[in-house]
There are 2 protein chains.
Amino acid sequence: MHITADTLLNALRSQGMRITDARIQICEEIAERHGEHLTATAISETVDANESTVYRTLEVLEQAGIVEHSHMGHGPAVYHLAEDSDHHHLVCERCGRAEALPAAAYEALVAGITAETGFVPTSRHFALTGLCSRCKAENT
Amino acid sequence: MHITADTLLNALRSQGMRITDARIQICEEIAERHGEHLTATAISETVDANESTVYRTLEVLEQAGIVEHSHMGHGPAVYHLAEDSDHHHLVCERCGRAEALPAAAYEALVAGITAETGFVPTSRHFALTGLCSRCKAENT
DNA sequence: GTTCGTGCAAACGATTTGCATTACT
DNA sequence: AGTAATGCAAATCGTTTGCACGAAC
């Protein structure tokens with residue numbers, strides 16, 4: 001079952017943060033659209049809260065370890081639940097769409113690196129740019 | 001031997017672009033400081049050219065395939081010679097040291113991604129954070 | 001009642017753009 | 001001469017911040 005807005009709100013509550021209308025809506029939005037790449041602007045357009053409030057709330061949620069953000073090429077930062085598995089992204093340099101890096105491929109990479117160098121990757125998000133299959137096909 | 005400013009300028013010339021004072025200085029700067037991560041602002045501070053000229057020139061050089069840029073977290077984009085960019089790094093989050101990502105591991109990753117998703121990674125510069133073997137050992 | 005959270009507008013850093021002037025070819 | 005490149009200032013985009021007001025505790 002997916003994470004609910006209440007889970008997020010309880011996490012805030014347990015950190016002594018106040019529960020407000022804006023935070024409720026923002027948490028609902030994040031919970032409902034988990035797995036998506038949400039920008040602060042996108043959230044502020046959907047919920048009844050000022051953009052700066054969205055930024056501040058996202059910052060709070062991030063400090064609480066609930067959400068994370070990453071910078072993908074140009075454009076705004078994208079936020080997602082920290083618990084979502086797809087922290088690793090493939091970003092198309094042509095159309096800008098992002099897809100998840102297959103978990104198997106990532107695990108193989110980590111295993112290979114550790115075996116060869118002893119280095120243990122811990123990064124929770126990174127992005128690899130390239131051409132998605134669709135743009136690749138269009139690209140004569 | 002390192003690439004020279006003339007090489008860069010010739011590349012521009014061969015694309016029908018004009019050679020100007022600003023471009024000469026910018027190319028010299030890039031050639032001299034190759035291997036470094038240069039921001040547009042840093043370049044404009046060193047050479048006698050407006051910041052927007054630097055951006056425009058970098059854009060031209062990028063379209064010519066001579067330089068590339070990447071976004072590292074927050075902060076400005078960094079530019080470097082395309083030929084310098086075939087580096088994938090493992091950056092230790094504890095000691096800050098960077099080591100090279102084994103080519104075999106990277107190639108396996110690319111192959112795995114393409115096989116599973118059709119996505120073709122083209123980025124030749126990305127970094128994975130984690131713990132290096134040394135810090136891992138120290139880490140109780 | 002005391003903080004904390006909010007909206008608003010303004011400040012901000014990085015980058016882009018419109019336009020008149022300058023200079024390469 | 002003709003057109004591309006420049007400088008400058010203003011515009012833009014994403015994000016942060018200062019401040020006075022309203023709301024959660």
Side-chain angles (χ1 to χ4, degrees), chain A residues 5-6 8-30 37-64 66-80 91 93 96 98 127, chain B residues 5-6 8-29 37-64 66-80:
Chain A
D6 277 349
L8 304 185
L9 291 169
N10 281 331
L12 288 183
R13 229 183 305 260
S14 71
Q15 311 237 331
M17 321 246 61
R18 294 181 182 173
I19 305 306
T20 66
D21 238 48
R23 288 184 176 168
I24 292 171
Q25 289 187 54
I26 292 169
C27 286
E28 282 172 351
E29 187 71 6
I30 293 173
H37 293 136
L38 296 171
T39 65
T41 306
I43 295 174
S44 79
E45 280 167 357
T46 327
V47 310
D48 186 25
N50 189 277
E51 206 164 352
S52 41
T53 299
V54 173
Y55 275 108
R56 283 189 274 232
T57 300
L58 287 171
E59 193 186 348
V60 162
L61 289 169
E62 194 153 19
Q63 278 165 11
I66 303 172
V67 307
E68 289 175 354
H69 79 277
S70 25
H71 300 269
M72 320 216 302
H74 298 258
V78 295
Y79 292 80
H80 48 70
V91 182
E93 64 193 13
Chain B
D6 277 348
L8 305 185
L9 291 169
N10 281 332
L12 289 183
R13 230 185 302 260
S14 73
Q15 312 237 329
M17 322 247 59
R18 294 182 181 175
I19 305 307
T20 66
D21 237 47
R23 289 185 176 166
I24 292 171
Q25 289 188 56
I26 292 169
C27 286
E28 282 173 352
E29 187 70 5
H37 288 146
L38 296 170
T39 65
T41 305
I43 294 174
S44 78
E45 280 166 357
T46 327
V47 309
D48 185 25
N50 189 276
E51 206 162 351
S52 42
T53 299
V54 172
Y55 275 108
R56 283 189 275 231
T57 300
L58 286 171
E59 193 187 348
V60 162
L61 288 169
E62 194 153 20
Q63 278 166 8
I66 303 174
V67 307
E68 289 175 352
H69 80 277
S70 25
H71 300 269
M72 323 228 299
H74 298 259
V78 295
Y79 292 79
H80 48 71

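Note on naming: letters A, B, ... go to the chains in the order of the sequence lines (proteins, then strands), and numbering restarts at 1 for each one. Since the model is a prediction, treat every value here as computed from it, not as a measurement.
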Please write out each protein N/O paired with an N/O of nucleotides 2-5 of chain D under 3.5 Å, distance rounded to 0.1 Å.
{"unit_1": "D:dG2", "atom_1": "N2", "unit_2": "B:R18", "atom_2": "NH2", "d": "3.4"}
{"unit_1": "D:dT3", "atom_1": "O2", "unit_2": "B:R18", "atom_2": "NH1", "d": "2.9"}
{"unit_1": "D:dT3", "atom_1": "O2", "unit_2": "B:R18", "atom_2": "NH2", "d": "2.8"}
{"unit_1": "D:dA4", "atom_1": "O4'", "unit_2": "B:R18", "atom_2": "NH1", "d": "3.4"}
{"unit_1": "D:dA4", "atom_1": "O4'", "unit_2": "B:R18", "atom_2": "NH2", "d": "3.3"}
{"unit_1": "D:dA4", "atom_1": "N3", "unit_2": "B:R18", "atom_2": "NH1", "d": "3.4"}
{"unit_1": "D:dA5", "atom_1": "OP1", "unit_2": "B:R23", "atom_2": "NH1", "d": "2.9"}
{"unit_1": "D:dA5", "atom_1": "OP1", "unit_2": "B:R23", "atom_2": "NH2", "d": "3.4"}

If you restrict it to nitrogen or oxygen atoms, what contacts under 3.5 Å exist between nucleotides 17-21 of chain D and the protein, and what is each distance?
{"unit_1": "D:dG18", "atom_1": "O6", "unit_2": "A:R56", "atom_2": "NH1", "d": "3.3"}

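What you find for B:V67 and B:L58 is that their closest heavy atoms are CG2-O, 3.8 Å. What you find for B:V54 and B:A40 is that their closest heavy atoms are CG1-O, 3.6 Å. Here the closest non-hydrogen pair linking B:T46 and B:A42 is OG1-O, 2.8 Å. Among all heavy-atom pairs drawn from B:C27 and B:L12, the shortest one is SG-CD1, 4.3 Å. Considering every non-hydrogen atom in both A:S14 and A:A11, the closest pair reads OG-O, 2.7 Å. When all heavy atoms of A:I26 and A:T53 are compared, the pair lying nearest together is CD1-O, 4.4 Å.
Residue B:A40 is out of contact with every strand shown, counting any heavy-atom pair closer than 4.0 Å.
Listed by first then second residue, pairs satisfying salt bridge (Lys or Arg N to Asp or Glu O under 4.0 Å) with a partner in residues 46-62 of chain B number zero, not counting sequence neighbours. The salt bridge (Lys or Arg N to Asp or Glu O under 4.0 Å) contacts involving residues 18-29 of chain B comprise B:E29-B:R33, where partners must be two or more places apart or lie in separate chains.
Taking atom CD1 of A:I24 as the reference point, atom C1' of D:dA23 lies 12 Å away to the nearest angstrom. Remark: C1' of C:dA14 and NE2 of A:H71 are 13 Å apart, rounded to the nearest angstrom. With rounding to whole Å, B:Q63 atom CD is found 11 Å from C:dT16 atom P. In this structure, B:Q25 atom CD and C:dA23 atom P are separated by 14 Å, rounded to whole Å. To the nearest angstrom, C1' of D:dC25 lies 15 Å from CG of A:L12. Between B:L9 atom CG and C:dT25 atom P the separation is 10 Å, expressed in whole Å. Between the CD atom of B:E51 and the P atom of C:dT15 there is a distance of 8 Å, given to the nearest Å. Counting to the nearest Å, the P atom of C:dG7 and the CG atom of A:D21 are 9 Å from each other.
Counting only Watson-Crick or G-U wobble pairs whose defining distances are both under 3.5 Å, the stems of 3 or more consecutive pairs in DNA chain C are C:1-14 with D:12-25, C:16-25 with D:1-10.
The side chain of B:Y55 contributes an N or O atom lying less than 4.0 Å from OP1 or OP2 of C:dT15.
With distances taken from any side-chain atom of A:N50 to the nucleotides C:dG7, C:dT25, D:dG7, the minimum falls on C:dG7.
Ring geometry for B:H37 versus B:H80: interplanar angle of 30 to 60°, hence tilted.
Contact annotation: the side chain of A:V78 approaches that of A:S70 to within less than 4.5 Å [non-hydrogen atoms, C-beta and beyond].
For B:D6, there are no side-chain hydrogen bond (donor to acceptor under 3.5 Å, both in side chains) partners, not counting sequence neighbours.
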